[in-house]
Amino acid sequence: MRDITLGSTGITVPQNAFGALPLQRLEEAEAVALLRAAYEGGMRYFDTARAYSNSEHRVGLAFEGRRDDVYLATKTMARTPDAFWADLETSLSELRTDCIDVHQFHCVDQAYAPGDGTGMYECMLEAKRQGKIRHIGVTAHKIEVAFDCVRSGLYEVLQFPLSYLSGERERELIDECRAANVGYVAMKGLAGGLITNSRTAMAYLMQFDNVLPIWGVQRMSELREWLAYMDETPRMDDELAAFIESERAELAGDFCRGCGYCMPCPQGIVINQCARISLMLRRAPSSAWLTPAWQEAMEAVERCIDCRACVAKCPYELDIPALLRKNRADYERVLAGEVSVA
């Protein structure tokens, strides 16, 4: 496993990092043990967010007393200066540190800049002046917003989805980050669970010497899989390339990544699962998706009134009501035994 440097930050770490969003689903002791095992296995970059409920707290517990041995990145969903400062102070407290290595604007719809009237970028500059953050970053889900952030010259780190299902425009973004000396942190390397072959996912991202993938880990068995690649790092070959092409063919077109930014639904629909359940049925054991609870969740799709509030919030600009109806119809065919699944 090679080390890579995140753009101009000087942060140099193994090309295999930890995404702490799933920690909020675990018991605290289990989460802390997972983080410490990741460190012992060689991971040094840990990414969390103020929006991930108790995730920051657990990261802080895990690395108290060894703060200088790891790089901590977090994010703020704040959209006003007052909210920014409140989030920052909470993040510092929860992470048990006096300085955050990479502080990121979370899921932005614009590239904040000095003098844009929001005051947001000025907050980052002042926090950096005060020594409370070291590097200014941003996360986005809309590709053109990501390009705007890189081209602004204002951000040291960009976090954006990247997997072997990504398109040509996303690969252009990698080159643009390299040219601008902006660190690229790749989230959703498993496309929200649609990719189930970790070896291929890792091999694909290892092709890019300026990309740091963060893997969302919630089980020790998953962590062991990622840590195994520290010593035996998979590389692209003809067999893996052919597999990726078959995967792209199966998943071509519009599909839900399960990011959840469309939520909550005013009609109580679990959009980020119901809009992709037909794919999940084919790519994971079906029993988990055919329980009475999920049948009830899929019945809720009938309550969709096509208000399109979800469409306005979707970073991928999907026609979510249409996807919901399509997945509902597919689900009914599976229940009726008309379609075979995994």
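Quantities reported herein were computed from a predicted structural model and do not represent experimental measurements.
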So, does Asp101 use its side chain to make a donor-acceptor pair with the main chain of Ile133 at under 3.5 Å? no

If every non-hydrogen atom of Asp87 is compared with every non-hydrogen atom of Ala78, which pair is closest and at what distance? OD2-N, 3.9 Å

Output yes when a side-chain donor or acceptor of Lys188 lies under 3.5 Å from a complementary backbone atom of Pro161, and no otherwise. no

If you round to the nearest 0.5 Å, how far is NZ of Lys128 from NE2 of His135? 6.5 Å

Any donor and acceptor pair, going by atom type alone, linking the side chain of Asp237 with main-chain N or O of Leu240 inside 3.5 Å? yes

Working to the nearest 0.5 angstrom, can you tell me the gap between Cys256 SG and Ile320 CD1? 7.0 Å

As a quick check of understanding, evaluate side-chain contact (heavy atoms from CB on, under 4.5 Å) for Ile11 and Val102, giving each step before the final call. CA-CA 10 Å; Ile11 293 173; Val102 180; 3.7 Å; yes

Are any of the side-chain heavy atoms of Glu225 and Arg199 separated by less than 4.5 Å? no

Would Cys177 and Leu158 count as a side-chain contact (heavy atoms from CB on, under 4.5 Å) if you check the C-alpha gap in whole Å, the side-chain angles of each, and the deciding distance to 0.1 Å? CA-CA 8 Å; Cys177 283; Leu158 170 75; 3.9 Å; yes

Note, Lys132 side chain near Leu88 side chain (heavy atom, < 4.5 Å): yes

We want to know whether Asp82 and Thr80 form a side-chain donor-acceptor pair, criterion being a heavy-atom distance below 3.5 angstrom. no

Using side-chain heavy atoms (C-beta onward) and a distance below 4.5 Å, is Ile4 in contact with Phe208? no

If I take atom CG from residue Asn197 and atom CD from residue Glu247, how far apart are they, to the nearest 0.5 angstrom? 7.5 Å

Start with the C-alpha gap between Glu28 and His57, add the side-chain angles, then the distance that decides, and say whether side-chain contact (heavy atoms from CB on, under 4.5 Å) holds. CA-CA 9 Å; Glu28 188 167 277; His57 179 73; 3.3 Å; yes

Taking atom types as modelled, is there a side-chain donor on Arg50 or Thr76 under 3.5 Å from an acceptor on the other? no

Given side chains that start at C-beta, do those of Gln110 and Asp148 come closer than 4.5 Å, heavy atoms only? no

Under 3.5 Å, side chain of Thr233 to main-chain N/O of Tyr229, donor-acceptor pair present? yes

Look at the side chain of Arg171 and the backbone N and O of Ser166, then say whether any donor-acceptor pair between them is shorter than 3.5 Å. yes

Considering all heavy atoms of both residues, which atom of Ile269 and which atom of Ala300 are nearest to each other, and what is their separation? CG1-O, 3.4 Å

Please answer whether the main-chain N or O of Glu172 pairs with a side-chain N or O of Glu176 as donor and acceptor at a distance below 3.5 Å. no

Does the side chain of Lys142 come under 3.5 Å of the side chain of Tyr316 through a donor N or O and an acceptor N or O? no

Apply side-chain hydrogen bond (donor to acceptor under 3.5 Å, both in side chains) to the pair Thr48 and Thr74, showing each step before the final yes or no. CA-CA 5 Å; Thr48 181; Thr74 192; 4.9 Å; no

Indicate whether any N or O donor in one side chain lies under 3.5 Å from an N or O acceptor in the other, for Thr139 and Gln159. no

As a quick check of understanding, evaluate salt bridge (charged side-chain N to carboxylate O under 4.0 Å, His left out) for Arg36 and Glu30, giving each step before the final call. CA-CA 10 Å; Arg36 290 176 177 168; Glu30 186 181 4; over 6 Å; no

Would you say the side-chain atoms of Tyr155 pair up with the backbone N or O of Tyr112, donor to acceptor, closer than 3.5 Å? yes

What are the two closest heavy atoms between Gln218 and Pro22, and how far apart are they? CB-CB, 3.5 Å

Have Ser91 and Glu56 got a donor and an acceptor in their side chains that come within less than 3.5 Å? yes

Give the cluster check for Val59 versus Leu21: same hydrophobic cluster or not, with ILVMFWY residues linked at side-chain heavy-atom distances below 4.5 Å. no

With a 4.5 Å limit on heavy-atom distance, are the side chains of Val311 and Pro321 in contact? yes

Can you check salt bridge (charged side-chain N to carboxylate O under 4.0 Å, His left out) on Asp69 and Arg67, steps first, answer last? CA-CA 5 Å; Asp69 299 331; Arg67 174 66 184 88; over 6 Å; no

Could you tell me which non-hydrogen atom of Cys107 sits nearest to which non-hydrogen atom of His141, and how far apart they are? SG-CD2, 3.7 Å

Can you confirm whether the side chains of Thr12 and Thr5 place a donor and an acceptor under 3.5 Å from each other? yes

Tyr52 and Val70: same hydrophobic cluster, using ILVMFWY side-chain contacts below 4.5 Å? no

Listed partners of Arg44 passing side-chain contact (heavy atoms from CB on, under 4.5 Å), at least two apart: Val13, Pro14, Tyr39

Rounded distance (nearest 0.5 Å) linking atom CD of Gln15 with atom CG of Asp209: 7.5 Å

Would you name the heavy atoms of Lys313 and Pro264 that are closest together and state the gap between them? NZ-O, 3.6 Å

Between Gln104 and Asp47, do the side chains contain a donor N or O and an acceptor N or O under 3.5 Å apart? yes

Without swapping roles, check the side chain of Asn327 against the backbone of Ile277 for a donor-acceptor pair under 3.5 Å. yes

With salt bridge (charged side-chain N to carboxylate O under 4.0 Å, His left out) as the test, would you mind laying out the steps for Asp319 and Arg308 before giving the verdict? CA-CA 8 Å; Asp319 185 348; Arg308 305 189 75 77; 3.3 Å; yes

Could you tell me the separation between the CG atom of Leu194 and the CZ atom of Arg276, rounded to the nearest 0.5 Å? 5.0 Å

Can you confirm whether Leu23 sits close enough to Phe18 that some side-chain heavy atom of one is under 4.5 Å from a side-chain heavy atom of the other? yes

Return yes if a side-chain donor-acceptor contact under 3.5 Å exists between Glu126 and Gln130, otherwise no. yes

Go through it in stages, so that I can follow the logic: the residues are Glu144 and Arg169, the test is salt bridge (charged side-chain N to carboxylate O under 4.0 Å, His left out), and I'd like the CA-CA distance, side-chain angles, deciding distance and then a yes or no. CA-CA 9 Å; Glu144 297 308 325; Arg169 194 77 172 124; 3.2 Å; yes

Of all heavy-atom pairs linking Ile136 and Leu125, the shortest is CD1-CD2, 4.1 Å

Rounded to the nearest 0.5 angstrom, the SG-CG distance for Cys99 and Leu72 is 9.5 Å

For the residue pair Trp294 and Trp289, does the interplanar ring angle fall in the parallel (under 30°), tilted (30 to 60°) or perpendicular (over 60°) class? tilted

Within the distance-only criterion (no hydrogens, no angle test), does the side chain of Tyr331 pair as donor or acceptor with the backbone N or O of Lys326 below 3.5 angstrom? no

Single-linkage hydrophobic cluster Met236~Met1, side-chain heavy atoms < 4.5 angstrom: yes

Is the ring pair Phe84/Phe105 parallel, tilted or perpendicular, if the boundaries are 30 and 60 degrees? tilted

Show your working on side-chain hydrogen bond (donor to acceptor under 3.5 Å, both in side chains) between Gln24 and Ser55 and close with a plain yes or no. CA-CA 5 Å; Gln24 59 193 319; Ser55 175; over 6 Å; no

Counting only N and O atoms by type, is there a donor-acceptor contact under 3.5 Å from the side chain of Asn16 to the main-chain atoms of Trp226? yes

If you apply the rule side-chain contact (heavy atoms from CB on, under 4.5 Å), what do you find for Trp215 with Leu190, and how did you get there? CA-CA 8 Å; Trp215 308 106; Leu190 297 178; 4.3 Å; yes

Indicate the ring-plane relationship of Phe63 and Phe46, choosing parallel, tilted or perpendicular according to the 30° and 60° boundaries. tilted

